[in-house]
Amino acid sequence: MNQIKRVAIVGGTHGNEFTGAYLVKKLALTLLGNPKAFEQCKRYIDKDLNRCFLWQDLQNPTLSTYEEIQAKLIHQMLGPKGQSQVDFLIDMHSTTANMGLTLILSNLHPFNLRLAAYVNLLNPLVKIFSWAPPDQETAFLRTICELGYSIEVGAVPQGVLDARLFQQTEELIYTILDYLEAYNEGKTPEENSAVTVYQCVEILDYPRNESGEIQGMIHPQLQFRDYEPLHPGDPIFITFAGEEITYKGDKTVYPVFINEAAYYEKAIAMCLTEKQELIFS
Ligand SMILES: [Zn+2]
């Protein structure tokens, strides 16, 4: 593999996620993903920018909302998708879920896995999460470049800065950049060959009535328990009437994005993951 010379660091893809937005203002050679939404402290103006990067949508001239145009501009700047002008891309996000520091993989490239394993070794609190099976195209900004991650940090409310998380995110960026530099000098540590990845296996929506209205909340016992084991029969929701709804699955899973504010509109109450040990070479 070639040297990693050009790194894109994107923040503010969602306008109300301040950690990344203010970090890119601090770092050099960076991109504020959605300036108009950031100005208005909204996730987006017309459409979620981080769902605008499917290849066919980027090629579709009839898509012309603010974010669809912004996606095409970013794609022109950094893309084309799969043959990007940058060698590595980091897209910084924050979450209202208690996910600590999370690296989100968009593919299982051995370089991404090795670097994730290295980061995880240095800081075991950093978790590795994967949304989709590796062969499935997703619409995330991050997919423009084969190498890199989305970073999620939380729990932090939308439109709020948390100094500790800001500094931890900054440290994580520097750890990644240090690794890239070591790689370019042929000095990367190679002792790792496995990494624990939390693979999304199921998405749960809130309990709803026939007209689609939410009928319950995340159970207080589950709130802020991202990445902790959820066993069959454990409570996951509590209805407004006070009735407990339990997890009906037949094996232990590890929920993430529990009660993410931005996902109410996406019908996502949490993502259930399985803990997998990925071997790479
Ligand atoms: Zn985001």
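As the structure lists them, so they are numbered: ligands from 1, and atoms in each ligand from 1.
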TODO: Mind reading off the angle at the Zn ion (ligand 1) between the ND1 atom of His93 and the ND1 atom of His14, rounded to 10°?
DONE: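 Value, to the nearest 10 degrees: 100°.
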Task: Atom of Glu17 nearest the Zn ion (ligand 1) (restricted to N/O/S, atom name only) - done: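 Result: OE1.
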TODO: Evaluate the ring planes of Tyr183 and Phe111, with Trp represented by its six-membered ring, and classify them as parallel (under 30°), tilted (30 to 60°) or perpendicular (over 60°).
DONE: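 Perpendicular: the ring planes of Tyr183 and Phe111 meet at over 60°.
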- [ ] Indicate if the distance from the Zn ion (ligand 1) to the nearest N, O or S atom of Glu152 falls below 2.8 Å.
- [x]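 So Glu152 does not bind the Zn ion (ligand 1) by this criterion.
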Open item on the list: How about CD on Glu265, more than 12 heavy atoms from neighbouring residues, nucleotides or ligands closer than 6.0 Å, or not?
Closed with: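 Atom CD in Glu265 is crowded, with more than 12 foreign heavy atoms closer than 6.0 Å.
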TODO: Answer yes or no for Lys36 and Tyr66: cation-pi contact, defined as NZ/CZ to six-membered ring centre under 6.0 Å and angle to ring axis within 45°.
DONE: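 Yes - Lys36 lies over the ring of Tyr66, closer than 6.0 Å to its centre and within 45° of its axis.
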Task: Nearest atoms (heavy-atom pairs only) where Leu121 meets Pro124 - done: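 Result for this residue pair: O-CD, 4.1 Å.
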